[in-house]
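Shown next, in structure tokens, is the structure this report addresses.
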Amino acid sequence: MELLRKLSEAAGIPGHEEGVRTIARTALKGHVDTIEVDRLGNLIAHKKGRGPKVVVAGHMDEIGFIVSHVDEETGFLRIEPVGGFDPRTLIASRVTVHAAGGALIGLIGTKPIHILTEDEKRKELRVQDLFVDLGLPGKAVAKKVRMGDPVTLVQSFTRVGKLLSGKALDDRLGVYVGIEAMRRLKTHQADVYFVGTVQEEVGLRGARTSAFAINPDIGVALDVTLACDMPGVSAHEQVTKLGKGAAIKLKDSASISHPGLVRFLVDLAEAKKIPYQMEILPRGGTDAGAIQLAREGAAVVTLSVPTRYVHSVVEAAHVDDIEATIKLLTAFLEACHKADLRL
Ligand code: CO
Ligand code: ZN
């Protein structure tokens, strides 16, 4: 899990994925025929085959912020979100401000409860109200920090019981699963591309351009999905459950999975005794949404790793589900030339 730890702890807000890309590139070296980076920053690794052409995509970016204002008097920073954090999960956390001259640690603090008025206690928290404290005088901050500098949450990767927890498991888990499958994949007829995509969290942008360039027959997005098997959520709203296997997506708000691919994956999981569950995500989407609409269109499906507390820095996934997803993806790439995709 050393690779997953590195991926999780690396910083990579949309448009600034270089740290993650370097780790992924190193991990893929020797396991694929070619590795390229396109103009948007997508990492495109190719394992040649006769066909069909398959794109496997996992997004390298994570939700975070950019510095939107530096107060030269007080030294406090204001931040603009790139991707959707729940502001309630941000109070009382440490952040890294990735300034040109080096990373700085900052604090997202808040007024102590002792001095909050009743009105303030009830008020909904907005990201615009948050500020970052670098513990430095205004002049020093103004010298070091620029508008636009990336800001990411600080969180170490850790094991919690049967779970692995950390920041940015959305979607470093997908990147990890994709890399592991590339390493394990030996015999395949499919022409396989693994793409570490950029800017998914702000609108599936890297998937759009890379799928246009590759023009695949089949697209498999790798992403986390909600596991809301927790107190206060009734069974029909849980989406997935931890420990119940890889999730095969039927639909979300960006794509409807190709029925032929869904059937093929279910049969494959049954035949290979790989634990799986079906998934419908009521809101949100994955790179499959962009791949599906590339050029004349592609047959797509999303393989998801069930994850609790998505879009917070305590995201957590079950070790067995991660392994099941890698196994199912590898088996799929070995056999997908036999899939019947007629509608
Ligand atoms: Co996300
Ligand atoms: Zn994601």
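Starting from 1, each residue takes its place in the sequence as its number. Atom set for the values below is all heavy atoms of this structure, side chains included, hydrogens, waters and symmetry mates excluded. Values in this document were obtained by computation on a predicted structure and should not be read as measured data. Atoms within a ligand are numbered from 1 in the order they appear, just like the ligands themselves.
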>> Need one value: angle at the Co ion (ligand 1), H311 atom NE2 versus E201 atom OE1, rounded to 10 degrees.
In response: 90°
> Between D149 and R146, is there a side-chain N and carboxylate O pair less than 4.0 Å apart?
Replying inline: no
> So does E2 pair up with R5, basic N to acidic O under 4.0 Å?
Replying inline: yes
>> I'd like the atom name of the N/O/S atom in D223 lying closest to the Zn ion (ligand 2).
In response: OD1
> Side chains of D170 and E62: does their closest heavy-atom pair fall under 4.5 Å?
Replying inline: no
> More than 12 non-hydrogen atoms from neighbouring residues, nucleotides or ligands closer than 6.0 Å to CD on Q128, yes or no?
Replying inline: yes
> Among the N, O or S atoms that D170 has, which is closest to the Co ion (ligand 1)?
Replying inline: OD2
> Restricting to N, O or S atoms of D170, which is nearest to the Zn ion (ligand 2)?
Replying inline: OD1
